[in-house]
Amino acid sequence: MEKELIIKHANIIFTEFEDKGFGQNITIDVTDPTIRGEIQNWITANNINGGKMKIKEYTSKDGVTTQQFQIKLSKFLKISGKDSSWTQQQIGYGAVVNLILRAFEYNNKFGTGISFAVNNIFIVEPAKDTSLSKIAE
């Protein structure tokens, strides 16, 4: 099992750092076949979710379709960036990040298997608009 996968220059679509009952997660754009392929190959190699990558497609009112992939955040998440003052506040719609995904085995009341989460986020470019006003139109 390849425990870690490094994804470079992923575009953030959505972030949920506060657990509102569904956990903490980020959603990245995987329309780029290189990024999507890297993740799919890693998921297949580790037999995560039966080797299948769950992608959602979204088409904006302008007719632009993106493929989106949601990833859980580890409770041990570490965030850093090119600028040492950048924090979680700069991770939002339009941010460009490098991610380290880590696979792990689980055995709990819901069953056994292999899952994964984001352990590290490195901010390459901060979100252009952290208020989400751009997607509220």
Side-chain angles (χ1 to χ4, degrees):
M1 171 165 60
E2 291 179 48
K3 288 197 173 193
E4 288 187 352
L5 173 66
I6 297 172
I7 301 170
K8 295 205 173 195
H9 296 217
N11 291 302
I12 299 291
I13 294 179
F14 183 76
T15 60
E16 187 62 69
F17 286 107
E18 185 180 330
D19 187 348
K20 297 178 182 172
F22 299 103
Q24 299 169 302
N25 60 72
I26 63 169
T27 301
I28 63 171
D29 185 337
V30 293
T31 307
D32 178 329
T34 302
I35 291 175
R36 187 175 60 251
E38 287 174 12
I39 297 170
Q40 178 60 66
N41 291 340
W42 183 73
I43 286 174
T44 301
N46 286 290
N47 196 30
I48 297 168
N49 195 36
K52 297 193 191 281
M53 182 177 174
K54 293 182 179 181
I55 296 174
K56 293 183 180 177
E57 285 195 0
Y58 172 76
T59 304
S60 71
K61 63 182 178 185
D62 300 329
V64 177
T65 299
T66 57
Q67 294 183 330
Q68 303 178 3
F69 183 63
Q70 186 177 68
I71 312 165
K72 290 185 280 188
L73 298 177
S74 167
K75 61 183 172 183
F76 306 109
L77 178 68
K78 293 179 184 165
I79 298 172
S80 59
K82 273 186 176 178
D83 183 319
S84 62
S85 69
W86 292 346
T87 65
Q88 172 180 313
Q89 299 301 317
Q90 280 70 42
I91 303 172
Y93 180 75
V96 177
V97 298
N98 295 343
L99 306 170
I100 296 180
L101 307 184
R102 180 171 274 271
F104 58 90
E105 294 181 36
Y106 65 88
N107 182 356
N108 58 34
K109 65 182 179 182
F110 302 109
T112 61
I114 300 172
S115 190
F116 67 100
V118 174
N119 270 28
N120 299 77
I121 299 176
F122 181 84
I123 306 163
V124 177
E125 293 177 29
K128 293 161 184 47
D129 181 359
T130 57
S131 71
L132 296 180
S133 63
K134 288 185 180 181
I135 61 172
E137 298 174 358

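Residue Phe110 qualifies as open at atom CZ: its count of foreign heavy atoms under 6.0 Å is 12 or below.
Minimum heavy-atom separation, Ala10 to Ile35: CA-CD1, 4.3 Å. Taking every heavy atom of both residues into account, Asn98 and His9 meet most closely at OD1-N, 2.8 Å. Between Leu73 and Ala117, the closest heavy-atom pair is C-CB, 4.2 Å. A pairwise comparison of heavy atoms in Tyr58 and Gln68 identifies CB-NE2, 3.4 Å as the closest pair. Of all the heavy atoms in Gln67 and Ile55, the pair that sits closest is CB-CG2, 3.6 Å.
Hydrophobic clustering (side-chain heavy atoms under 4.5 Å, transitive across Ile, Leu, Val, Met, Phe, Trp, Tyr) groups Met53 together with Ile114. By the criterion of side-chain heavy atoms lying less than 4.5 angstrom apart, applied directly or through intervening Ile, Leu, Val, Met, Phe, Trp or Tyr residues, Ile43 is grouped together with Leu5 in one hydrophobic cluster.
In this structure the side chain of Glu2 reaches within 4.5 angstrom of the side chain of Asn46, judged on heavy atoms. Using a 4.5 Å heavy-atom threshold, the side chains of Asn49 and Lys54 count as touching. The shortest side-chain heavy-atom distance between Ile28 and Ile13 does not fall under the 4.5 Å cut-off. Side-chain contact between Ile100 and Val118 is absent, with no heavy atoms from C-beta onward closer than 4.5 Å. Side-chain contact between Asp29 and Phe69 is absent, with no heavy-atom pair separated by less than 4.5 Å. Taking the side chain as every heavy atom from C-beta outward, Lys72 and Phe116 never approach each other to under 4.5 Å. By the 4.5 Å heavy-atom criterion applied to side chains, Thr59 and Glu57 are not counted as neighbours.
Atom CD in Gln90 sits 12.5 Å away from atom CD1 in Ile12 (nearest 0.5 Å). The distance from atom OG of Ser80 to atom CD1 of Ile121, rounded to the nearest 0.5 Å, is 9.5 Å.
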Please evaluate residues Ile6 and Leu99 with respect to the criterion side-chain contact (heavy atoms from CB on, under 4.5 Å), reporting the C-alpha separation (whole Å), side-chain torsions for both, the decisive distance (0.1 Å), and the verdict.
CA-CA 6 Å; Ile6 297 172; Leu99 306 170; over 6 Å; no
Arg36/Glu38 under side-chain contact (heavy atoms from CB on, under 4.5 Å): CA gap, chis, key distance, verdict
CA-CA 6 Å; Arg36 187 175 60 251; Glu38 287 174 12; over 6 Å; no
Start with the C-alpha gap between Asn119 and Leu77, add the side-chain angles, then the distance that decides, and say whether side-chain contact (heavy atoms from CB on, under 4.5 Å) holds.
CA-CA 5 Å; Asn119 270 28; Leu77 178 68; 5.9 Å; no
Walk me through it: do Ile39 and Asn41 pass the test side-chain contact (heavy atoms from CB on, under 4.5 Å)?
CA-CA 6 Å; Ile39 297 170; Asn41 291 340; over 6 Å; no
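With no hydrogens or angles considered, no side-chain donor-acceptor pair links Thr66 and Thr31 at under 3.5 Å. In summary, the side chains of Gln70 and Asn25 do present a donor paired with an acceptor at a separation below 3.5 Å, with no hydrogens or angles considered.
Distance alone, capped at 3.5 Å, places no donor-acceptor pair between the Arg102 side chain and the Glu4 backbone. Judged purely by atom type and a 3.5 angstrom limit, Gln24 uses its side chain to pair as donor or acceptor with the backbone of Phe17. In this structure, the side chain of Asn11 does not engage the main chain of Val96 through any donor-acceptor pair within 3.5 Å. A donor-acceptor distance shorter than 3.5 angstrom exists from the side chain of Gln40 to the backbone of Gly51, with no hydrogens or angles considered.
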